[in-house]
Amino acid sequence: MNNTGNTKKLTKKDLWKTNIRFLYSSQINWNYERMMSSGYLYSMLPILKKLYPEKDDLRDMMKMQNQFYNTASSMGHIILGLDIAIEEQEGRDAYDIIPGIKTGLMGPLAGVGDSLWGVIWSTVWGSIAATFALNGSPIGILLWVLFNCTVYLPFRFASLFLAYKEGVKLVTTMKDRLQALTNSATLLGIMVVGALIPTVVKVNIPFVYKNGKVKMNFQDMLNDIMPALIPILLVGLAYWLLGQKKLNSSRVIWIMLILSIVLYNLKILG
């Protein structure tokens, strides 16, 4: 190691470069060996080149940054910000610190990001946008773009600067709150998904029993008991299928698609 602390100071321009790079390349060259490591290294390159002008130092730090890494892209800017703050302060001494920071945070942040942005955000605003689109209105796509440009993207950009400014203090502050935030976001996501079932999943029973003057509409009977019973059962079936070992989301989609076609042609569901 040539030196310990770093004398070079980073500028906002350096941070913006990393921010933008991670935004569009966080999962570039994603692979099963190191997952998002290539995207992370590519995002950090402008910082590394400025902090480590010596080729040997730069090479070693690049190898360190190319180790296994995987988290929710929506929360990855926080780890980048912490990484940059520590390396700017510690220099080559950060070689042994950064892998621990990344390992300790990428799991909890993945849970928060997947729950908060992958489940709640996408489900709520995606459903609103999809509802407009299903009714033939172009407002749907405009809303989806607007929501992401005014909330999601600004959050990702701001989180890097916040983490960089707060540095290690942010890790200790977040440590005890990440699990509670993850659990709360997951619970809220489940509630939102459950509430959206009756409005998004449109399924009914078209079969009508007739015997002389007697006419029995099964859907009307279900509406008096539980109006969204069929959509709930179908969602429950999909959830159960996803828990089976040999099934994944793609196979479950095909199963539900084939099942829908068969039941529709048999006049069982409509």
Side-chain angles (χ1 to χ4, degrees), residues 26-27 30-37 39 68-76 79 102-131 133-134 144 147-148 152 174 177-207 218-219 221-223 225-270:
S26 59
Q27 301 201 54
W30 194 98
N31 61 83
Y32 286 103
E33 181 183 359
R34 293 189 297 271
M35 296 198 173
M36 298 169 64
S37 65
F68 178 89
Y69 177 79
N70 187 43
T71 192
S73 297
S74 57
M75 307 297 288
I79 298 178
K102 291 165 71 175
T103 302
L105 288 179
M106 63 185 183
L109 286 178
V112 174
D114 290 342
S115 300
L116 185 62
W117 298 109
V119 176
I120 299 175
W121 178 261
S122 298
T123 301
V124 173
W125 298 119
S127 299
I128 294 173
T131 301
L134 288 172
W144 182 248
F147 292 149
N148 281 279
Y152 178 61
M174 293 171 59
R177 301 178 183 178
L178 281 175
Q179 190 59 47
L181 180 60
T182 302
N183 293 337
S184 300
T186 301
L187 180 60
L188 180 58
I190 293 173
M191 292 176 61
V192 171
V193 171
L196 285 170
I197 290 174
T199 57
V200 177
V201 183
K202 300 293 185 180
V203 186
N204 58 68
I205 300 177
F207 180 74
F218 284 92
Q219 187 59 50
M221 292 177 59
L222 286 178
N223 289 340
I225 302 172
M226 184 180 291
L229 179 60
I230 302 302
I232 290 173
L233 291 177
L234 286 175
V235 173
L237 174 62
Y239 182 79
W240 178 79
L241 290 173
L242 287 171
Q244 305 306 304
K245 290 184 178 179
K246 296 183 179 181
L247 294 178
N248 53 35
S249 57
S250 298
R251 291 176 180 175
V252 171
I253 290 173
W254 278 107
I255 291 173
M256 299 302 288
L257 181 61
I258 294 171
L259 183 65
S260 300
I261 294 173
V262 172
L263 294 179
Y264 176 80
N265 283 280
L266 291 176
K267 307 297 182 183
I268 297 176
L269 294 181

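Below, all heavy atoms of this structure are taken into account, side chains as well, without hydrogens, waters or symmetry copies.
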Which pair of non-hydrogen atoms, one from A129 and one from W144, has the smallest distance, and what is that distance?
-> CB-CB, 4.0 Å
With distance as the sole test, does R251 use its side chain to make a donor-acceptor pair with the main-chain N or O of L241 at under 3.5 Å?
-> no
Does Y264 have any ring-ring contact (aromatic ring centres under 6.0 Å, His included) partners at least two apart in sequence or in another chain, and if so, which?
-> none
Set of residues satisfying side chain to side chain contact (heavy atoms under 4.5 Å, CB included) with respect to M35, sequence neighbours excluded = W30, F68, N70
Identify the heavy atoms of T71 and G76 that sit nearest to each other, and give their distance.
-> CG2-CA, 4.1 Å
Would you call M256 and L237 a side-chain contact if the rule is heavy atoms closer than 4.5 Å?
-> yes
Looking only at heavy atoms, which two atoms of A72 and L109 are closest? And how far apart?
-> CB-O, 4.1 Å
Nearest-0.5 Å distance, OG of residue S250 to CD1 of residue I255 | 11.0 Å
To the nearest 0.5 Å, atom CD1 of I253 lies from atom CD1 of I258 at 12.0 Å
Closest non-hydrogen atoms of W117 and S74, given as atom of the first, atom of the second and distance, are CD1-OG, 3.3 Å
With respect to V203, which candidate in L233, L234, V235 satisfies the side chain to side chain contact (heavy atoms under 4.5 Å, CB included) definition?
-> L234
Side chain to side chain contact (heavy atoms under 4.5 Å, CB included) partners of S73, counting only residues at least two apart = S26, Q27, M36, R156
